[in-house]
Amino acid sequence: QVQLVESGGGLVQAGGSLRLSCTASKRTLGTYTMAWFRQAPGKDREFVACISWSGIRSLHADSVKGRFAISRDNAKNTVYLQMDSLKSEDTAVYYCAADFGNRVSYVGRDYEYWGQGTQVTVSS
């Protein structure tokens with residue numbers, strides 16, 4: 001069982017930056033692909049970014065490419081999402097997710113473990 005705890009959300013003005021963190025309880029996080037998803041009010045959950053256990057491979061949604069960057073520090077059991085040039089449409093609850101193995105996937109159902117989410121609000 002893996003427990004994931006997100007942090008770093010908050011209120012920021014458009015054009016600003018935030019860095020989200022997701023810390024895992026399991027010490028072998030290095031064997032999991034990690035991802036970020038988000039869900040805005042009244043909308044379906046959508047993929048944001050994922051990174052393989054090695055950190056070599058990553059995917060970013062087209063809507064965040066060039067603005068967001070996913071990274072990880074396996075020694076700290078933590079994955080990050082650096083969010084720059086934030087827009088009002090980035091407002092959502094952001095969820096961290098984990099999938100055992102090295103597969104990179106943008107499909108939510110491929111991930112077994114999920115955090116409780118952290119709210120990001122971007123004011124225009």
Side-chain angles (χ1 to χ4, degrees):
Q1 190 75 8
V2 178
Q3 292 182 330
L4 304 173
V5 179
E6 302 97 336
S7 62
L11 174 64
V12 64
Q13 289 188 333
S17 298
L18 283 174
R19 188 176 81 156
L20 305 183
S21 299
C22 172
T23 300
S25 59
K26 197 167 181 67
R27 295 189 176 186
T28 57
L29 184 66
T31 58
Y32 289 76
T33 289
M34 301 299 296
W36 290 95
F37 290 79
R38 67 186 181 185
Q39 187 167 21
K43 294 188 177 181
D44 293 335
R45 182 179 63 194
E46 66 171 346
F47 168 78
V48 176
C50 69
I51 187 167
S52 63
W53 67 264
S54 64
I56 293 175
R57 291 183 292 160
S58 65
L59 294 174
H60 292 78
D62 288 344
S63 60
V64 305
K65 277 182 182 176
R67 301 189 299 121
F68 291 12
I70 190 170
S71 62
R72 66 190 298 160
D73 185 338
N74 289 340
K76 295 182 178 180
N77 293 325
T78 301
V79 63
Y80 305 97
L81 185 68
Q82 178 66 42
M83 306 187 296
D84 299 320
S85 302
L86 283 160
K87 305 176 182 179
S88 57
E89 51 263 45
D90 295 319
T91 294
V93 177
Y94 284 70
Y95 297 92
C96 176
D99 174 36
F100 182 76
N102 207 30
R103 169 181 60 181
V104 289
S105 170
Y106 56 85
V107 179
R109 63 177 177 272
D110 287 340
Y111 293 85
E112 301 103 315
Y113 304 104
W114 292 81
Q116 294 299 307
T118 185
Q119 176 71 47
V120 171
T121 302
V122 184
S123 62
S124 57

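Every residue two or more places apart in sequence or in another chain was checked for a side-chain hydrogen bond (donor to acceptor under 3.5 Å, both in side chains) with R19, and none qualifies. Every side-chain contact (heavy atoms from CB on, under 4.5 Å) that V107 has, sequence neighbours left out, goes to S105, R109, D110. Under the salt bridge (Lys or Arg N to Asp or Glu O under 4.0 Å) criterion, D84 pairs with no residue at all, not counting sequence neighbours. For D90, the side-chain hydrogen bond (donor to acceptor under 3.5 Å, both in side chains) test picks out R38, R67, with sequence neighbours left out. Legend: residues meeting side-chain hydrogen bond (donor to acceptor under 3.5 Å, both in side chains) with S54, ordered by chain and number and at least two apart, are S52. Residues passing the disulfide (SG to SG under 2.5 Å) test with C96, sequence neighbours excluded: C22.
At distances below 3.5 Å, at least one donor-acceptor pair connects side-chain atoms of T33 with backbone N or O atoms of G101.
The OG atom of S124 lies 12.5 Å from the CG atom of L86; values are rounded to the nearest 0.5 Å. Note that CG of L81 is 11.0 Å distant from CD of E6, once rounded to the nearest 0.5 Å. Expressed to the nearest 0.5 Å, how far CZ of R72 lies from OG of S21 amounts to 13.5 Å.
Counting only residues at least two apart or in different chains, disulfide (SG to SG under 2.5 Å) contacts with residues 57-94 are absent. The list of disulfide (SG to SG under 2.5 Å) pairs with a residue in residues 39-94, not counting sequence neighbours, is empty. Applying the ring-ring contact (aromatic ring centres under 6.0 Å, His included) test to every pair with at least one member in residues 72-104, sequence neighbours left out, gives these pairs: Y32-F100. Residue pairs meeting the salt bridge (Lys or Arg N to Asp or Glu O under 4.0 Å) criterion with at least one partner in residues 92-102, sequence neighbours excluded, are D99-R103.
When all heavy atoms of R45 and G108 are compared, the pair lying nearest together is NH2-CA, 3.9 Å.
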Under 3.5 Å donor-acceptor pairs involving side-chain atoms of residues 113-122, not counting sequence neighbours:
residue, atom, partner, partner atom, Å
W114, NE1, Y111, O, 3.2
T118, OG1, G9, N, 3.3
Q119, NE2, A92, O, 3.4
Q119, NE2, T121, OG1, 3.3

Can you give the donor-acceptor pairs under 3.5 Å from side chains of residues 56-64 to other protein atoms, not counting sequence neighbours?
residue, atom, partner, partner atom, Å
R57, NH2, N102, O, 2.6
H60, NE2, I70, N, 3.1
D62, OD1, K65, NZ, 3.2

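At least one side-chain heavy atom of L20 sits under 4.5 Å from a side-chain heavy atom of M83.
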